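The model shown is predicted, which means the values in this text are computed figures rather than measured ones.
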Amino acid sequence: MTEKRERPGPLRWLRHLLDQLLVRILSLSLFRSSCDPPPLQRFPATELPSAVAAAKYVPIPRVKGLPVVGTLVDLIAAGGATHLHKYIDARHKQYGPIFRERLGGTQDAVFVSSANLMRGVFQHEGQYPQHPLPDAWTLYNQQHACQRGLFFMEGAEWLHNRRILNRLLLNGNLNWMDVHIESCTRRMVDQWKRRTAEAAAIPLAEGGEIRSYELPLLEQQLYRWSIEVLCCIMFGTSVLTCPKIQSSLDYFTQIVHKVFEHSSRLMTFPPRLAQILRLPIWRDFEANVDEVLREGAAIIDHCIRVQEDQRRSHDEALYHRLQAADVPGDMIKRIFVDLVIAAGDTLHLIQTAFSSQWALFALSKEPMLQKRLAKERATNDSRLMHGLIKESLRLYPVAPFIGRYLPQDAQLGGHFIEKDTMVLLSLYTAGRDPSHFEQPERVLPERWCIGESEQVHKSHGSLPFAIGQRSCIGRRVALKQLHSLLGRCAAQFEMSCLNEKPVDSVLRMVTVPDQTLRLALRPRTE
Ligand code: HEM
């Protein structure tokens with residue numbers, strides 16, 4: 001089981017504060033953070049300097065901070081990096097939908113949370129949108145001259161690869177994926193169903209209640225499922241019949257989980273400093289990433305071999321589609337490596353796993369909605385399910401911030417933003433803003449069902465996959481996965497949440513529950 005994620009006590013908190021301050025001061029004076037924007041360019045003589053241009057616009061409120069450390073002390077006092085989304089949420093409540101703050105580093109970031117401003121940022125993102133990258137992964141890629149996945153690419157290289165993947169994963173009819181996603185989901189949920197039936201067959205618990213089955217190691221099970229789904233989409237469901245691939249996937253799941261743990265530890269410590277001092281926190285991360293890349297490449301090689309041996313023409317997968325389009329073998333491998341393992345892209349497996357966990361949690365709190373979803377599924381409708389998925393992604397966006405460096409000076413809602421500024425879209429705040437969604441804390445799937453709700457909402461208040469050219473390439477895959485998992489669960493189980501304390505979110509690379517989720521299943525009786 002995952003350990004319980006506790007809040008630090010006063011002493012640990014003080015030590016944490018001192019550590020963070022020391023480390024930040026050291027790292028600021030020694031290194032430029034890779035999160036800092038690219039160096040500012042000179043303006044041509046004909047253009048006005050930004051300061052003069054800016055004078056015409058409504059000033060953006062600025063949070064005052066100390067020299068060198070900015071407002072880092074405030075963040076630490078609010079619980080540190082793991083509470084960044086809550087901290088920024090409180091700032092928005094104080095300063096409004098747009099403000100500037102320097103949390104450390106050498107330049108301010110601009111935070112925006114209104115639907116219109118967020119949309120405006122995507123309109124100004126330029127031909128080659130640039131986003132901030134996780135320091136630890138960027139450093140790893142540099143140190144190991146590692147092949148970069150789409151997420152890490154820039155400029156023309158990014159656009160070229162993005163266009164290939166857009167054709168395969170975003171545009172057109174993707175129904176061919178359904179069989180693979182359904183078969184992976186069925187395998188996992190059928191196992192839950194058997195265990196649930198076994199628990200229900202045991203004599204009634206005190207009070208005459210049917211016994212429930214508590215899902216063990218939910219986080220790991222959902223990782224494993226996300227990895228299997230991608231594997232099947234790429235190579236077809238038949239590859240899973242190979243015992244060697246099964247055991248490799250078990251191992252791969254474990255090491256991806258470890259990389260996630262190590263990456264999130266490096267969120268609270270400057271990776272560059274950890275790397276130079278060869279601290280265990282860096283060495284563990286590095287060793288794990290090496291292993292994930294090795295093992296991932298071995299799985300892909302093995303799947304290609306199994307595919308060639310089996311030659312099952314009816315098992316349509318991405319591999320066959322690429323072959324049919326005469327894409328060379330090397331290129332096919334490169335695309336798969338990009339999707340599954342290229343450094344940092346494992347993050348997307350984690351995003352799907354945690355979005356699913358949050359959606360199951362949201363559903364477990366709504367017994368009436370579960371009943372309605374079960375009925376809906378029996379009629380082959382899916383509008384309510386669509387609404388539930390939108391609601392869980394709105395309330396629990398696993399990426400609570402999306403960043404863009406603006407390629408040109410821009411005018412955003414009457415404010416002036418200088419070229420190369422890092423603008424962060426506060427998705428967590430936007431999704432819970434009452435001016436975007438009435439009763440924002442409630443799970444109300446109807447708000448997304450056109451014609452069925454009186455609820456006014458601004459759909460751009462929730463952008464869990466971002467929009468624009470650099471939005472999530474796996475959006476349609478992830479949505480299909482969520483539909484498949486939640487649909488099966490709602491039809492077969494009555495779900496409840498056994499956690500005694502209220503469950504909240506913390507940021508560990510992605511937003512995750514602050515305690516192990518304890519979800520219980522009973523067979524659905526009506
Ligand atoms: C519910 C699950 C998921 C969520 C919430 C999610 C969210 C996001 C977001 C917000 C971005 C944009 C980042 C930015 O603009 O800076 C993104 C990018 C990306 N996602 Fe996802 N994602 C999910 C699942 C997936 C899956 C399953 C895949 C792989 C099939 C994937 C692959 C990618 C890639 C490669 C990028 C980078 C795109 C680029 O830079 O052009 N994601 N994702």
Side-chain angles (χ1 to χ4, degrees), residues 28 31-65 67-68 70-72 84 88 91-92 95-135 138 142 148 150-160 162 399-427 429-430 460 463 466-471:
L28 275 179
F31 318 104
R32 178 181 162 271
S33 157
S34 61
C35 276
D36 285 348
L40 291 178
Q41 290 172 8
R42 280 177 190 283
F43 276 83
T46 48
E47 280 183 35
L48 282 178
S50 297
V52 178
K56 292 191 295 190
Y57 296 92
V58 184
I60 298 175
R62 182 165 196 278
V63 183
K64 286 207 181 78
V68 186
T71 52
L72 194 70
L84 185 64
I88 293 299
R91 288 285 196 226
H92 278 299
Y95 289 88
I98 180 163
F99 66 87
R100 286 177 179 278
E101 177 157 359
R102 186 171 304 181
L103 277 162
T106 52
Q107 289 196 338
D108 290 0
V110 170
F111 289 88
V112 300
S113 69
S114 85
N116 288 342
L117 290 175
M118 293 200 303
R119 209 162 34 173
V121 173
F122 291 113
Q123 281 160 358
H124 286 102
E125 67 181 3
Q127 190 191 4
Y128 305 122
Q130 253 192 300
H131 51 198
L133 298 166
D135 283 355
T138 313
Q142 282 165 5
R148 301 178 308 168
L150 192 66
F151 186 71
F152 287 86
M153 290 177 190
E154 289 172 4
E157 184 197 18
W158 166 76
L159 191 59
H160 172 76
R162 174 81 201 199
F401 301 102
I402 294 173
R404 288 287 180 271
Y405 293 111
L406 295 191
Q408 299 293 336
D409 288 353
Q411 197 261 88
L412 203 65
H415 304 283
F416 175 82
I417 303 194
E418 198 174 306
K419 177 183 170 166
D420 291 328
T421 303
M422 178 164 71
V423 184
L424 289 164
L425 281 56
S426 311
L427 297 196
T429 300
H460 279 98
L463 298 174
I467 50 172
Q469 297 228 70
R470 199 141 201 179
S471 64

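- Contact check for Val110 versus Met422: no side-chain heavy atoms found under the 4.5 Å cut-off.
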### Message
Please evaluate residues Val63 and Arg102 with respect to the criterion side chain to side chain contact (heavy atoms under 4.5 Å, CB included), reporting the C-alpha separation (whole Å), side-chain torsions for both, the decisive distance (0.1 Å), and the verdict.
### Response
CA-CA 8 Å; Val63 183; Arg102 186 171 304 181; over 6 Å; no
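- At least one donor-acceptor pair closer than 3.5 Å links the side chain of Gln411 to the backbone N or O of Gly414.
- Arg404 contributes atom CZ, which lies 14.0 Å from atom CD1 of Ile417 (distance to the nearest 0.5 angstrom).
- When all heavy atoms of Phe122 and Ala466 are compared, the closest pair comes out as CZ-CB, 3.9 Å.
- Here the side chain of Ser426 pairs no donor or acceptor atom with the backbone of Thr429 at under 3.5 angstrom.
- Gln130 has its side chain within reach of Glu154: a pair of non-hydrogen atoms, C-beta onward, lies under 4.5 Å apart.
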### Query
Given the rule in the ring-ring contact (aromatic ring centres under 6.0 Å, His included) test, do His131 and Tyr405 qualify, once you have shown the distances and angles that lead to the verdict?
CA-CA 6 Å; His131 51 198; Tyr405 293 111; 9.0 Å; no
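- Using a 4.5 Å heavy-atom cutoff, the side chains of Gln107 and Thr421 are not in contact.
- Interatomic distance, Leu133 CG to Thr138 OG1, rounded to the nearest 0.5 Å: 4.5 Å.
- A 4.5 Å side-chain heavy-atom check between Val112 and Leu424 finds every atom pair outside the cut-off.
- The two residues Ser113 and His92 have their closest heavy-atom pair at OG-ND1, 3.4 Å.
- Annotation: the span from Leu150 atom CG to His160 atom NE2 amounts to 11.0 Å, rounded to 0.5 Å.
- Note that the CZ atom of Phe111 and the CZ atom of Arg100 stand 11.5 Å from one another [nearest 0.5 Å].
- In this structure, Glu125 contributes its side chain and Leu406 its backbone to no donor-acceptor pair below 3.5 Å.
- In plain terms, the two heavy atoms of Ala115 and His460 that are nearest each other are CB-C, 3.8 Å.
- With respect to Arg91 and Glu101, a salt bridge is recorded, a charged nitrogen being found less than 4.0 Å from a carboxylate O.
- The residues Asp409 and Lys419 are annotated as not salt-bridged, no charged nitrogen and carboxylate oxygen being separated by less than 4.0 angstrom.
- Contact record, Ala399 with Leu427: O-CD1, 3.4 Å, taken as the closest heavy-atom pair.
- Nearest heavy-atom pair, Leu463 versus Ile402, reported as atom, atom and distance to 0.1 Å: O-CD1, 3.8 Å.
- Of all heavy-atom pairs spanning Arg470 and Met153, the tightest one is NH2-O, 2.8 Å.
- Side-chain N or O atoms of Thr71 include none that pairs as donor or acceptor with a backbone N or O of Gly65 at under 3.5 Å.
- Put simply, CZ on Phe401 and CG on Leu84 are 4.0 Å apart, with the number rounded to the nearest 0.5 Å.
- At distances below 3.5 Å, at least one donor-acceptor pair connects side-chain atoms of His124 with backbone N or O atoms of Gly120.
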